[in-house]
Protein chains: 2
Amino acid sequence: MVTLEDVARHAGVSLATASRVLNGSARQVGAGLRERVEQAAAELGYRTNVAAQTLARGAGNVIGLVVHDLVDPYFAAIADGAVRAAEAHGMVVMVGTTHRDPVKEIAYVSSLGAQRARAVILAGSRVDDPSAAALRTELERYRAGGGRVAVIGQDLLGTDTVAVANRSGAAALAEALKAMGHREFAILAGPPRLITAADRCEGFAAALPGLSPQIIHGPFDRDGGYAAAASINPGVTCVFAVNDVMAVGALAAFRDRGLRVPDDLSLAGFDDIATLRDLVPALTTVRLPLAEIGARAVELALSGDAGPSVVHVEGEVVIRESVRAR
Amino acid sequence: MVTLEDVARHAGVSLATASRVLNGSARQVGAGLRERVEQAAAELGYRTNVAAQTLARGAGNVIGLVVHDLVDPYFAAIADGAVRAAEAHGMVVMVGTTHRDPVKEIAYVSSLGAQRARAVILAGSRVDDPSAAALRTELERYRAGGGRVAVIGQDLLGTDTVAVANRSGAAALAEALKAMGHREFAILAGPPRLITAADRCEGFAAALPGLSPQIIHGPFDRDGGYAAAASINPGVTCVFAVNDVMAVGALAAFRDRGLRVPDDLSLAGFDDIATLRDLVPALTTVRLPLAEIGARAVELALSGDAGPSVVHVEGEVVIRESVRAR
DNA sequence: GCATACTGGGAAATCGCTTTCCGGAAGGGT
DNA sequence: ACCCTTCCGGAAAGCGATTTCCCAGTATGC
């Protein structure tokens with residue numbers, strides 16, 4: 001492996017000069033030497049040793065991203081945005097997938113701390129369970145070491161946050177559905193303690209005073225939607241699944257039971273997952289700019305300004321065929 | 001930040017001993033000291049500095065994964081498998097997305113080289129274009145530095161490879177469709193120089209001697225499928241899209257034109273993307289164990305054995321509603 | 001009982017880069 | 001002509017681990 005020292009020797013300059021030329025420094029280097037160094041580096045095929053650089057500088061160029069599941073298009077889209085944004089800053093993204101295991105989440109934060117990652121981004125709201133305290137401790141420790149933390153979703157005290165307007169988005173959706181004549185609702189609400197799910201559910205319900213929609217809890221994924229759809233009360237005319245993937249599950253369940261959407265039942269989701277765009281019937285949903293959310297989280301974590309700041313992201317109601325006016 | 005030296009001092013032992021206890025070494029340390037060191041580390045909240053470790057050891061714990069697009073469920077599934085496998089080996093994955101830009105691919109390999117990544121995994125076949133030579137050079141350089149390279153898809157000379165049986169999978173699909181009575185085929189073939197696409201196309205066509213299916217080239221994504229579907233000849237009874245995502249596009253196109261699948265036209269894809277499982281009609285396709293492919297690539301790259309080896313992965317034809325017998 | 005392993009502990013030399021000083025040279029103001 | 005900056009090059013001290021020696025203390029073989 002070619003080292004900086006080799007380059008310096010080859011160019012007949014000092015290590016310091018070579019470093020300044022090749023790895024960006026505040027100090028200038030005269031044109032002549034700069035040229036010589038660059039040439040030598042090219043000839044020898046020099047490649048910076050990032051580990052050494054990180055050690056010397058005391059800060060690396062990696063951003064950690066912790067998601068639940070990359071196969072879930074919601075997280076994939078966020079990851080995509082994050083990777084792009086990181087790249088624009090000359091950073092590189094390390095992803096960890098927890099598959100909803102809080103212990104793994106903590107392990108990743110710890111590992112990212114060991115990497116001296118510049119920032120860690122936590123996507124996907126954690127349930128409000130006992131391990132949350134341990135996570136918090138670990139995050140605190142990470143931040144004590146100079147790392148930044150950004151959270152997507154819930155507003156975790158004292159960290160930068162990309163706050164998704166789940167409540168108001170769901171409320172707007174509810175309004176729209178009500179305006180179309182629906183009165184009997186069911187909500188496929190996801191896990192009760194999952195904050196994103198709970199917010200969407202509450203926002204939706206709160207916008208329907210006096211209508212007391214039926215609330216059905218269950219897992220936050222496709223199969224959860226499928227299962228929950230089974231216990232919908234007769235008389236319900238419109239179903240809101242707290243995310244698109246669950247809506248897909250519900251759709252399948254309805255189909256299996258011979259219920260047609262939107263003829264027999266209207267259905268709405270949340271997120272507006274691109275991969276699901278061609279679903280038939282097209283899903284009414286609340287569009288979230290997921291890639292942008294990922295990117296914003298990176299920006300936030302990298303903008304080393306003062307206090308923890310919060311960026312708000314709004315969703316946009318998109319009415320499509322899966323909902324029909326009554 | 002707590003350093004190993006702090007721990008050693010706190011425990012009253014030498015740096016060497018502390019290192020041996022905390023960061024795994026061939027040498028044994030007496031029970032008494034070991035205990036003291038562990039306790040000291042816990043009390044002080046010591047966290048290994050991976051950068052320093054990497055520098056000293058000359059090898060890091062990151063695996064680079066370069067994909068085209070994380071939003072594409074094909075790559076997301078591969079990434080998921082890779083992340084899991086890496087984790088099992090105590091490694092961590094850095095992902096880069098190229099969005100089909102060969103220059104970025106090279107840049108990522110270069111950057112991973114600078115990170116002294118243990119291995120880099122290239123997913124998504126590159127087109128056979130001029131920049132391929134540059135990629136090759138970069139990979140060569142990377143390997144000269146002791147890194148391993150694994151490629152998913154095409155058999156790039158001299159590297160470990162997870163070879164996907166695109167040809168035979170497509171051929172098996174073609175056989176199955178022929179057995180169902182189809183004779184007039186169209187292939188939505190993707191870009192002519194994209195190796196994965198070309199292999200699937202050729203494998204399919206080769207299994208239909210004398211039938212000369214219509215071949216339509218275009219982009220490898222959903223919109224490519226949509227667009228290509230427009231130029232299908234009248235008389236065609238069965239359409240093969242070289243991946244599921246294109247099939248989805250084609251399906252949308254047919255729907256827009258009032259063609260019903262499978263009543264008017266049969267349609268098949270390739271990959272068996274999980275997120276698309278609930279499509280109506282369910283897509284006939286060739287199932288690929290994508291997560292396993294990602295995992296295998298990691299294993300391959302990490303199994304530091306002798307020569308470059310090739311792992312073959314077979315697809316499995318899955319007949320679903322989108323195809324009807326004639 | 002003596003030479004010969006073998007064990008486990010520690011001192012110190014790396015690993016490759018950044019950055020603080022230090023110092024000489026050149027430019028500018030009066 | 002002198003002093004004060006400013007500019008740029010280099011020597012050397014870290015950054016935080018790992019690992020090679022070296023050594024003392026035991027254990028083992030004959």
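Each chain gets a letter, A, B and so on, in the order its sequence line appears, and its residues count up from 1.
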- Message: For a quick check under 3.5 Å, do Arg47(A) and Ser110(B) share a side-chain donor-acceptor pair by atom type?
- Response: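 Yes, Ser110(B) and Arg47(A) have a side-chain donor paired with an acceptor closer than 3.5 Å.
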- Query: Side chains of His99(B) and Asp80(A): is there a donor and an acceptor less than 3.5 Å apart?
  - Reply: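 Yes, because at least one side-chain N or O of His99(B) sits under 3.5 Å from a partner of the opposite role on Asp80(A).
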- Taking salt bridge (Lys or Arg N to Asp or Glu O under 4.0 Å) as the test, write out the residues that go with Glu43(B), two or more places apart.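 So Glu43(B) forms no salt bridge (Lys or Arg N to Asp or Glu O under 4.0 Å) with any residue.
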- Message: Less than 4.0 angstrom from a charged side-chain N to a carboxylate O is my criterion; do Arg100(B) and Asp69(B) meet it?
- Response: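 No salt bridge links Arg100(B) with Asp69(B).
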- Query: Just the endpoints, please: which first and last nucleotides of DNA chain D, 5' to 3', lie under 4.0 Å from a heavy atom of chain A?
  - Reply: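 Boundary nucleotides touching chain A, in 5' to 3' order, are dC8(D) to dG16(D).
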- Query: What is the per-nucleotide protein-contact pattern of nucleotides 8-16 of chain C, from the 5' end, where B denotes a base atom under 4.0 Å from a protein heavy atom, S denotes such proximity for sugar-phosphate atoms only, and - denotes neither?
  - Reply: BBBB---BB
Distance-only check: which donor-acceptor pairs under 3.5 Å involve side-chain atoms of residues 12-21 of chain A, not counting sequence neighbours?
unit_1: Ser14(A); atom_1: OG; unit_2: Ala16(A); atom_2: N; d: 3.2
unit_1: Ser14(A); atom_1: OG; unit_2: Thr17(A); atom_2: N; d: 3.2
unit_1: Ser14(A); atom_1: OG; unit_2: Thr17(A); atom_2: OG1; d: 3.3

- Message: My understanding is that only residues two or more places apart in sequence, or in another chain, count here; which of them pass side chain to side chain donor-acceptor pair (under 3.5 Å) with His312(A)?
- Response: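 Per chain and number, His312(A) pairs via side chain to side chain donor-acceptor pair (under 3.5 Å) with no residue.
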- Using the ring pair (Phe, Tyr, Trp, His ring centres under 6.0 Å) rule, collect all pairs that involve residues 20-73 of chain A, keeping only residues at least two apart or in two chains.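 Applying ring pair (Phe, Tyr, Trp, His ring centres under 6.0 Å) to every pair that reaches into residues 20-73 of chain A, excluding sequence neighbours, yields His68(A)-Phe75(A).
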